[in-house]
K.L.:
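Handing you a structure now.
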Amino acid sequence: MSSNNPVNLRLPDGSVRTFDKPVTGTTLAADIGPGLLKAALAIKVNGDIWDLSREIEEDSDVAIVTKKDEDGLELLRHDAAHIMAEAVQELFPGTQVTIGPVIENGFFYDFARDKPFSDDDLEVIEKRMHEIVKRNEEIIREVWDRDEAIAYFKKIGEHYKAEIITDLPEGEVVTIYRQGEWLDLCRGPHLPSTGKLGDAFKLMKVAGAYWRGDSKNEMLTRIYGTCWTDKKELKAYLHRLEEAEKRDHRKLGREMDLFHLQEEAQGSVFWHPKGYTMWLQLEKYIRSRIQEFDYQEVKTPQVLDSKFWEQSGHWAKFRENMFVVPDETPSTEEGAPIISPDAKLMALKPMNCPAHVQVFKQGIKSYRDLPIRMAEFGCCHRNEAHGALHGLMRVRQMTQDDGHIFCREDQITEETIKFCELLASVYRDLGFPEFRVLLATRPEKRSGTDESWDHAEKSLEDALKATGLDYGFAPGEGAFYGPKLEFHLNDAIGRTWQCGTLQLDPNMAKNLGATYIGEDGNKHTPIMLHRAVLGTLERFLGIMIEHYAGKVPMWLAPVQAVVAPITSEAGEYAQEVFDKMQAAGMRVELDLRNEKINYKVREHSVKKVPAIIVVGKREAEQGTVSIRRIGSKDQTVIPFTEALEAFTKEATMPNGTA
RNA sequence: GCUGCCGUAGCUCAGGGGUAGAGCACUCCCUUGGUAAGGGAGAGGCCGGAAGUUCAAAUCUUCUCGGCAGCACCA
C-alpha cells in the first residue's frame, strides 16, 4: 500500500490508514466503506473542518463528519444558506448577496434588492431550494487571487462581496465555492454536493437588517431559515417553538389577569391586582436581601431641571432617550400654543444615579464612611424607540432595583465580589442557577478620558476575575459613563435579556462634584458602582413568568390556593377551610359557584393557581382536603391541619421571610 | 426609528364590493355534578383611524395609528 509519499491518517479510534497521494476525505470515506462514503459531509483534519474534496498533504488526525455530528449540522445549515442564495439569485436576478451565516437552530442570508422580499416570496424561494437540492450540484472549492476576485465581483455587480473581500485581512486566502452555475465567496467548508442537504429545512421569516449592523448604512432584507438533519427534527423544532409561544408572558399576563398595556401609555404597564401582588412579593424579597447586604434605601425625585442633566452628562449622551417636561403653566387660551417655545425644561429621570449623588453630597463624607451602599426602587422613564418595546421586557417606564455603591478605589474588588455573591444567590433563589455574564467595554459615545476607561475596564475585569464567574465580552456595549458587567437570562423562545448589571463609573461623581475626605485630609472623588440585581422589576417578572410558564413558586403566586367545594353540600366546610387559610396569611380564593368540579379545576388550572383544594362530603366528614397541584393530574387527600402547615411553609420566601 | 407581516365582539379566529359570523368569556334559566369545558336562552362589534375610487367598501387605493418578528438602540 505504501509508496514514495504515503500519507498516514489517524482515525478517532486510533487506527491509522495509509494512502498514496493524492488523498482526500472522499478517498478515506470510500476506503472505510460505501455507507460512510454516502453519509460523509466533510472531514475534520487536525481539528479543522475541511471539504471532502480538499487534498490532505500531510499525516493527520482525521474524522469523517456526518449529519450526526454537531459540526455536520452546522455544515448543513451553512449550505442551506448558500442554496437559498442561489435560489434567490435565480428567481430574482439583480439581487446582491452579502453575508449568510449559521445561527442557533438555522441560518440567514442578507440580500440587497430594491424591493424587499415579502412572505409570499419565501414559498417560491423554498420551492426552488428543493429543486436545487434535487439537482445535486457538485460544490467545488476554488482559491482565487484577491484582486481578480474583487474585479470579478465588481464586474457582476456584487458590490457588497467586493467590499467584503477588500476588507479581508492581508494574507487571507480568498476561496470561492461553485455549485452548478452559481458561485459565492465563502470561507467554507461545504458539503460535497447540494443533494446532501436533504429536505429538513424551512424558511421562517423576512426582516430588515442593516448592512454591517449599522443603522447609518442601507437596510438589507434578511431571510431566516431553520434547518435540521431530518424531517422529524424539523417538526420537533417547530413544535418546540409553538410550545414556547404558549409561555409568552404577554399571553400569560392576559390569561392570568396580571397586567395589560394599551396604546395611550405605550411601553408603560397597567398592573392588575394579581400582577401587582407578584410585584410586591418580589420587591419584598429583594428588599430583605439588600438589607442583609447593608444597603440603605432612599427615594429621590422624578422630575429634575435640565441643567442638572447637563451636569451629569445625560443631556449630551442620553437626551434622545429622555422625556422632557416643560416647567410652565400650560396655556388654556384657544388657539395659542400650550407651551411657549422658550419654556424652561425639566426631564423625567432616566436613571437614579445623579439623584443619588445629590444625597451623597449632603454633608461631608469621610473615607471612613465608605462604602456607602444606597438603594432605590427607582421609577425611571426612557423614551425607547417604538420598535424596541416588548411587553414587560422592554418598557418606557421601569422600576429598577437600583443601587449605587460609593467607594474608594481599593474597595472595588471587594464590593464587586459581594455584589456578585448577592446576585448569584438571588438568581438561585428565584430559579435561575445559571446565567450569562458579559463584560461590556467602552462605547463610542462616552464621557471621560481614555485613561480613565483603561483603568476602569481593567479594575472591573480584575474584580470580575476575583469572583470566579465565567464570563464573555461585549465590546463597545458599556454605559456612557463606564464599563459594565451584564447578567443575562433567557426568555421562552431563547432571546437573551440583560437583567442584573454592575457598572464601574469613575466619571459621574466627579462631574457632579461629589467628594469625600481621604485619610490624607484631602478631597477625593469616590468611585461609583451602579448596580441592579434584578435589573428592572418589569423585565424580571416577565422573565420569571416565561421561565415558570406562569406556574411560579407559591410565595410569588398571586393566588396561592383556591378552595372549591364539589357541591353546595360541602359549602360550609369549604368556607371554614378558606377562612382558616386566610387567617394563616395565605392568598386564597373560595369558589362557591354552581359549577361542576371539572369546570372549576379547569378554570383555576388555566389561571395557574398552584393548589386547588377540592372538598366534598367525604372531606367535610373527615376534616381532610383533596389537593390538586398545578401541573399534576394526581390528587392527595390529607388532614386539613397538615395541609395548612405544609402550605404556609411552602408560601415562605426563599430566604425565609414570611 | 428601519424592513416585512398583521389590525373584524373581552379572548382566539372565520368571512370578504351590496350595510357582519363561530367558539370561549359575559348575563339569565335548568342541572348538586368527585378533579381540565353539562344543557338552554340572551346581550355584545359597523369590521384600528382618516381620505379616496364606486350607485354601493369591513372587503379596492393612499395616508396615518397600533401590534408582532427581526435590525438598530438598551434594563
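The chains referred to below are lettered A, B, ... by the order of the sequence lines, with proteins before strands, and numbering in each begins at 1.
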K.L.:
Using only side-chain N and O atoms of A:R212, determine if any of them is under 4.0 Å from OP1 or OP2 of B:C71.
P.N.:
no

K.L.:
So what does A:Q503 touch, heavy atoms closer than 4.0 Å: a base, only the sugar-phosphate, or nothing?
P.N.:
sugar-phosphate

K.L.:
Roughly, in whole Å, what's the span from CD in A:E621 to P in B:G34?
P.N.:
15 Å

K.L.:
At 4.0 Å (heavy atoms only), tell me whether A:K617 reaches a base, stays on the sugar-phosphate, or touches nothing.
P.N.:
base

K.L.:
In whole angstroms, how far is the C1' atom of B:C68 from the NE2 atom of A:H249?
P.N.:
13 Å

K.L.:
Under 4.0 Å, counting only non-hydrogen atoms across every strand here, what does A:S215 touch: a base, just sugar-phosphate, or nothing?
P.N.:
sugar-phosphate

K.L.:
Please determine, for the side chain of A:N598, which listed nucleotide (B:A69, B:C71, B:A36) has the closest atom?
P.N.:
B:A36

K.L.:
Counting heavy atoms from C-beta on, name the nucleotide in B:G4, B:G66, B:G34 closest to the side chain of A:E263.
P.N.:
B:G66

K.L.:
Tell me: CD of A:E486 to P of B:C74, nearest whole Å?
P.N.:
10 Å

K.L.:
Mind checking whether A:F270 and A:H260 have parallel, tilted or perpendicular rings, split at 30° and 60°?
P.N.:
parallel

K.L.:
Starting from P on B:U3, measure out to NZ on A:K205 and report it in whole angstrom.
P.N.:
19 Å

K.L.:
Kindly state whether the ring of A:F107 and the ring of A:Y224 have centres lying under 6.0 angstrom apart.
P.N.:
no

K.L.:
Measure from the side chain of A:E619, starting at C-beta and using heavy atoms only, and say which of B:C73, B:G38, B:G34 lies closest.
P.N.:
B:G34

K.L.:
Using a heavy-atom cut-off of under 4.0 Å over every strand shown, decide if A:T221 touches base, sugar-phosphate, or nothing.
P.N.:
nothing

K.L.:
Would you check if there is a donor-acceptor pair between the side chains of A:N352 and A:Q400 at a distance under 3.5 Å?
P.N.:
yes

K.L.:
Counting the atoms with a prime plus P, OP1 and OP2 as sugar-phosphate, which does A:R113 contact under 4.0 Å by heavy atoms, base, sugar-phosphate, or nothing?
P.N.:
nothing

K.L.:
For B:G33, what is the paired nucleotide under Watson-Crick or G-U wobble rules, both distances under 3.5 Å?
P.N.:
none

K.L.:
Quick one: label A:F117 by what it contacts on the DNA or RNA (base, sugar-phosphate, nothing), any heavy atom closer than 4.0 Å.
P.N.:
sugar-phosphate

K.L.:
Mind checking if A:Q635 touches a base, just sugar-phosphate, or nothing, with heavy atoms under 4.0 Å?
P.N.:
base

K.L.:
Using the P atom in both, what is the distance from B:A36 to B:C71, to the nearest Å?
P.N.:
41 Å

K.L.:
I want to check one thing: is the phosphate of B:A25, taken as OP1 and OP2, less than 4.0 Å away from some side-chain N or O of A:Y599?
P.N.:
yes

K.L.:
Any salt bridge between A:E546 and A:R250, counting N to O under 4.0 Å?
P.N.:
no

K.L.:
Indicate, with yes or no, if the rings of A:W211 and A:Y160 have centres closer together than 6.0 Å.
P.N.:
yes

K.L.:
Check the phosphate of B:A69 against A:R222, side-chain N and O only, distance under 4.0 Å to OP1 or OP2. Yes or no?
P.N.:
no

K.L.:
Touch check for A:G535, heavy atoms < 4.0 angstrom, all strands: base, sugar-phosphate only, or nothing?
P.N.:
nothing

K.L.:
Go through B:U32, B:G4, B:C71 for me and flag the one nearest to the A:V206 side chain.
P.N.:
B:G4

K.L.:
Regarding A:I597, tell me which of base, sugar-phosphate or nothing describes its non-hydrogen contacts under 4.0 Å with the strands shown.
P.N.:
sugar-phosphate

K.L.:
Side chain of A:R254: nearest nucleotide among B:U12, B:G4, B:A69?
P.N.:
B:U12

K.L.:
Please report the distance separating the P of B:C6 from the corresponding atom of B:A14, rounded so that it comes out in whole Å.
P.N.:
11 Å

K.L.:
Any side-chain N or O of A:R396 under 4.0 Å from OP1/OP2 of B:C74?
P.N.:
no

K.L.:
If you find the nucleotide of RNA chain B closest to A:V637 and the one closest to A:E603, which residue's nucleotide is nearer the 5' end?
P.N.:
A:E603

K.L.:
Across the strands shown, which category fits A:R382 at heavy-atom distances under 4.0 angstrom: base, sugar-phosphate, nothing?
P.N.:
base

K.L.:
Hey, does the side chain of A:R250 come within less than 4.0 Å of B:A69's phosphate (OP1/OP2), counting only N and O?
P.N.:
yes

K.L.:
Which nucleotide in the list B:U32, B:C73, B:A69 gets nearest to the side chain of A:R394?
P.N.:
B:C73

K.L.:
Do A:R531 and A:Y295 have side-chain atoms, one donor and one acceptor, less than 3.5 Å apart?
P.N.:
yes

K.L.:
Under 4.0 angstrom, heavy atoms only, what part of the nucleic acid is A:M393 near: base, sugar-phosphate, or nothing?
P.N.:
base

K.L.:
Can a salt bridge be assigned to the pair A:R373 and A:E415 using a cut-off of 4.0 Å between side-chain N and carboxylate O?
P.N.:
yes

K.L.:
Looking at A:W497, is A:R394 sitting on its ring face, NZ or CZ under 6.0 Å from the six-membered ring centre and within 45 degrees of the normal?
P.N.:
no

K.L.:
Please give the distance between the C1' atoms of B:C47 and B:C60 as a whole number of Å.
P.N.:
15 Å

K.L.:
Find the distance A:D119:CG to B:C68:P and express it as a whole number of Å.
P.N.:
17 Å

K.L.:
If we take the C1' atom in both B:A37 and B:A72, what is their distance in whole Å?
P.N.:
46 Å

K.L.:
For A:F540 together with A:Y427, are the ring centres under 6.0 Å from each other?
P.N.:
yes

K.L.:
Could you tell me the separation between the CD atom of A:Q498 and the C1' atom of B:C73, rounded to a whole number of Å?
P.N.:
13 Å

K.L.:
Go ahead and name the base partner of B:A50; Watson-Crick or wobble counts if both distances stay under 3.5 Å, otherwise write none.
P.N.:
B:U62

K.L.:
Looking only at the side chain of A:Y224 (C-beta and beyond, no hydrogens), which of the listed nucleotides B:A75, B:C5, B:C71 gets closest?
P.N.:
B:C71

K.L.:
With a 4.0 Å cut-off on heavy atoms, is A:A385 in touch with a base, just the backbone sugar-phosphate, or nothing at all?
P.N.:
base

K.L.:
Determine the Euclidean distance between corresponding C1' atoms of B:A9 and B:A43; express it in Å to zero decimal places.
P.N.:
11 Å

K.L.:
Is any side-chain nitrogen or oxygen of A:Q266 closer than 4.0 Å to OP1 or OP2 of B:G66?
P.N.:
yes

K.L.:
Would you mind pulling out the nucleotide paired to B:C68, Watson-Crick or G-U wobble, both distances under 3.5 Å?
P.N.:
B:G4

K.L.:
Expressed in whole Å, how much space separates the P atoms belonging to B:A57 and B:A20?
P.N.:
13 Å

K.L.:
Output yes when at least one side-chain N/O atom of A:H390 is less than 4.0 Å from OP1 or OP2 of B:A69, else no.
P.N.:
yes

K.L.:
Considering Watson-Crick and G-U wobble pairs with both distances under 3.5 Å, what does B:A25 pair with?
P.N.:
none

